[in-house]
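Working notes, beginning with the structure itself.
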Amino acid sequence: MKGKSRHLLRATVLAAALLGGTAAAATHPWMNPAQSPDARAAALESQLTQGEKLQLVHSLFGEPSPDKGLPKPAGALGSAGYVPGIPRLGVPALQESDAGLGVANPLEVRPGDGATSLPAGLAVAASWDPAIAYAGGAMIGGEAHAKGFNVLLAGGIDLEREPRNGRNFEYAGEDPLLAGTMVGAAIRGIQSRHVLSTIKHYALNDQETARTTVDVRIGEQAARESDLLAFELAIEHGHPGAVMCSYNKVNGDWACENDVLLNRVLKGDWKYPGFVMSDWGAVHSAAKAANAGLDQESAGDAFDAQVYFDAPLKAALASGEVKQARLDDMVHRILRSMFAAGLFDHPAAKAPIDVAASMAVARRAEEAGAVLLRNQHDLLPLARPASIAVIGAHADKGVLAGGGSSLVLPRGGNAVPGLKPTSWPGPVVYDPSAPLAAIRALAGKARVDFASGDDVAAAAALAAKAQVAVVFARQWAAESVDAADLALPDRQDALVEAVAKANPHTVVVLETNSPVAMPWLDRVDAVLAAWYPGSAGGEAIADLLFGKVDPSGRLPITWPRDRAQLPRPVLEGAGAPAGAPPPASVDYGIEGADVGYRWFQRQGLQPLFPFGYGLSYTRFEQGAAKVALHDGLPQVSVAVRNVGKRAGADVVQVYAQVPGSTVRRLAGFAKVALEPGESRTVQVALEPRLLSDFDVAKQRWVLHGGDYALYVGRSATDLAAPVHVRLPARD
Ligand code: GLC
């Protein structure tokens, strides 16, 4: 095209766009991206009818509900939740998909409807690398957007007080700073792809047993310094468009009608600008819930006794029990979050997905989050053994995923179909990323054979003939149910014992929801905690076993010796016979804010492996820590050197002991990758709230001042002598 006419064409196109844009802005001023989310929401609200406002404050279940005789709502893609749009005003529908590990497939899996699954949230947290969490969030957010979903019900951050919790694989460990930092980064990643993320389940939904009825008892200071602090930090880091309130009660009130949690803490103290959506079936009133701060009822048509935020809310508005201003605030919060996340400016629409790129993100996350717990005689990395026996956990087919609403059905289909339970909270799914094939790909000329482990003697015989035996052990877990104990199921302990007896050079790879008992630990050479490994888990595990990647994961949760060490040795109601009355309440006040490693410190207990622990194939030395004050707050610097022969990554952890306390708290951390011989000085800024106590009377954090002991090291118990610093008191 001649130069002159090209310029004319470009000018014409530009003019049209401006005019068109102006026209849109003229009739729909809220479409002007230069305005703030709040201003845009305010402009749009003024155009809404009361009926449209009520439409926005409750979602519909995005799937058929045969038991209620409800079809899938027209316009719903097919997922957890759906809010019809308002086309005359350009308001997009909300297409809400689960969840935090990837785009969880709808109940009706259509061909090719699969998605990429990250490894467990615990694996991402175990990377102690916010960049890994961000990349994972951006990947699943991108896949959601390309499938037409604009809300991802992600951001699982309930603290792991309970290693038997069936949903630990969805969460980010036991520590509020680690969990808040990692989940905040994941949410930022999701929302970078113009998909609104939630953060859930607010709050203290730290077990599945009796989750829809149990009353969690805990003091406010303890809650503020543990579970609520994790939410506070993640919300600051990630700015999630929505908070999902949980099923349980907290100190007597349902979480979704809990004025303290929603109005006083979340919206009052934290000044949260977004909206509170309920969990699916967690709403028990209209006026009380609305006035306590609930903004959107989720899928009440299918899961609640009635759709409270429809006729009952309308009646409450008419009677004045709920003020119109409250309904307007509910709508404002929903719309401003939709603007802030980009749902108007970048509408989700079907688009191709770069599957290879997604798989690379999932693989990298598992490689960074698997934790090497034991490595006697440097058995790992495998040094070209002549023969390898691969045993157990369907390693010839794939790697295990957890069950429930977060389950991502693989593109290639379930690698091991038909395992029970096949219905909720099943199906049991294996991602078709087979460790056996991945090990063979890296084993060169070695002979690599597989035994299922169903026949223990045959597995032991195979191990006896091989130079190295790699046993995969699995523990399936799922939403809505907790484990009654920490034991590996289905006689896998006997399998590991038999293999280790037949071959002392045995590696155990754990595909588990959470820490498990390991009675055979001293009789195996190596243990790799792979958690639920995700869509590329087999390749990632092989990369780690052969040393293509250095294991750099560190435990995000304390690994107990046995359940006697736990605040609640018996998890009341877990594993109880069907029909047994559920526990009415659970007392988290026993440990209070001292969750996990802090409980072990307070009680003088030695765990099997401590929080923050993890081995590498190389070795690091941390120099003496130096502390400088910046704006009156300590910043720790420490030189880390890789003194081994292989590249690797270390995690510098800083624990603070505040005056008057005997318990050390993680107050800062930093991961550093180093080539052999390389040394780098790492700066670790400390989070002031971990140096403070929450003063309930003053309703704010108070740093009391005085002598603070800072411990730098490589786990909650592997710490150098403390460095002391005097800090001025501050609120
Ligand atoms: C579930 C879960 C929640 C999920 C929601 C929608 O019961 O508790 O995590 O996002 O319902 O499936």
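Both counts, for ligands and for their atoms, begin at 1 and track the order of listing. Basis for what follows: all heavy atoms, side chains included, without hydrogens, waters or symmetry-related copies. Values in this document were obtained by computation on a predicted structure and should not be read as measured data.
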remark   = Leu153 heavy atoms within 4.0 Å reach ligand 1 at atoms 10 (O)

task = Any atoms of ligand 1 less than 4.0 Å from a non-hydrogen atom of Arg211? List them with their elements.
result = 7 (O), 8 (O)

key: For Lys200, atoms of ligand 1 separated by under 4.0 Å from a heavy atom   = 3 (C), 4 (C), 9 (O), 10 (O)

Sub-4.0 Å heavy-atom contact, Glu96 with ligand 1 = no

task = Provide, to 0.1 Å, the distance between atom 3 (C) of ligand 1 and the closest protein heavy atom, together with that atom's residue and name.
result = Asp279 OD1, 3.4 Å

ask   = Which one of Asp158, Asp98, Leu152 has a non-hydrogen atom at the shortest distance from atom 6 (C) of ligand 1?
value = Asp98

query = Would Thr116 and Glu143 count as having a side-chain donor-acceptor pair, cut-off 3.5 Å?
reply = yes

ask   = Taking distance alone, with no angle check, do Trp280 and ligand 1 share an N/O pair under 3.5 Å?
value = no

message = Looking at Asp295 and Arg326, is there a salt bridge between them, counting it only when a charged N and a carboxylate O are closer than 4.0 Å?
response = yes

message = Arg161 and salt bridge (Lys or Arg N to Asp or Glu O under 4.0 Å): which single residue from Asp175, Asp587, Asp206 fits?
response = Asp206

message = Can a side-chain donor-acceptor contact be found between Ser278 and Glu297 if the only test is distance below 3.5 angstrom?
response = no

note = The atoms of ligand 1 lying under 4.0 Å from a heavy atom of Arg167, numbered in the order shown, are 2 (C), 3 (C), 8 (O), 9 (O)

query = Among protein heavy atoms, which lies nearest atom 9 (O) of ligand 1, and at what distance?
reply = His201 NE2, 2.7 Å

task = Would you mind checking if Lys72 and Glu63 are paired as a salt bridge, meaning a charged N to carboxylate O distance below 4.0 Å?
result = no

remark   = For Met244, the atoms of ligand 1 under 4.0 Å from one of its heavy atoms are 10 (O)

query = When you measure from atom 7 (O) of ligand 1 to every protein heavy atom, which one gives the shortest distance, and what is it?
reply = Tyr247 OH, 2.6 Å

query = Taking the side chain from Ser79 and the backbone from Glu96, do they hold a donor-acceptor pair closer than 3.5 Å?
reply = yes

message = Whether Arg264 and Glu220 form a salt bridge (side-chain N of Lys/Arg under 4.0 Å from carboxylate O of Asp/Glu) is what I want to check.
response = yes

request  = Kindly say whether the aromatic ring centers of Trp254 and Tyr308 come within a distance under 6.0 Å.
outcome  = no

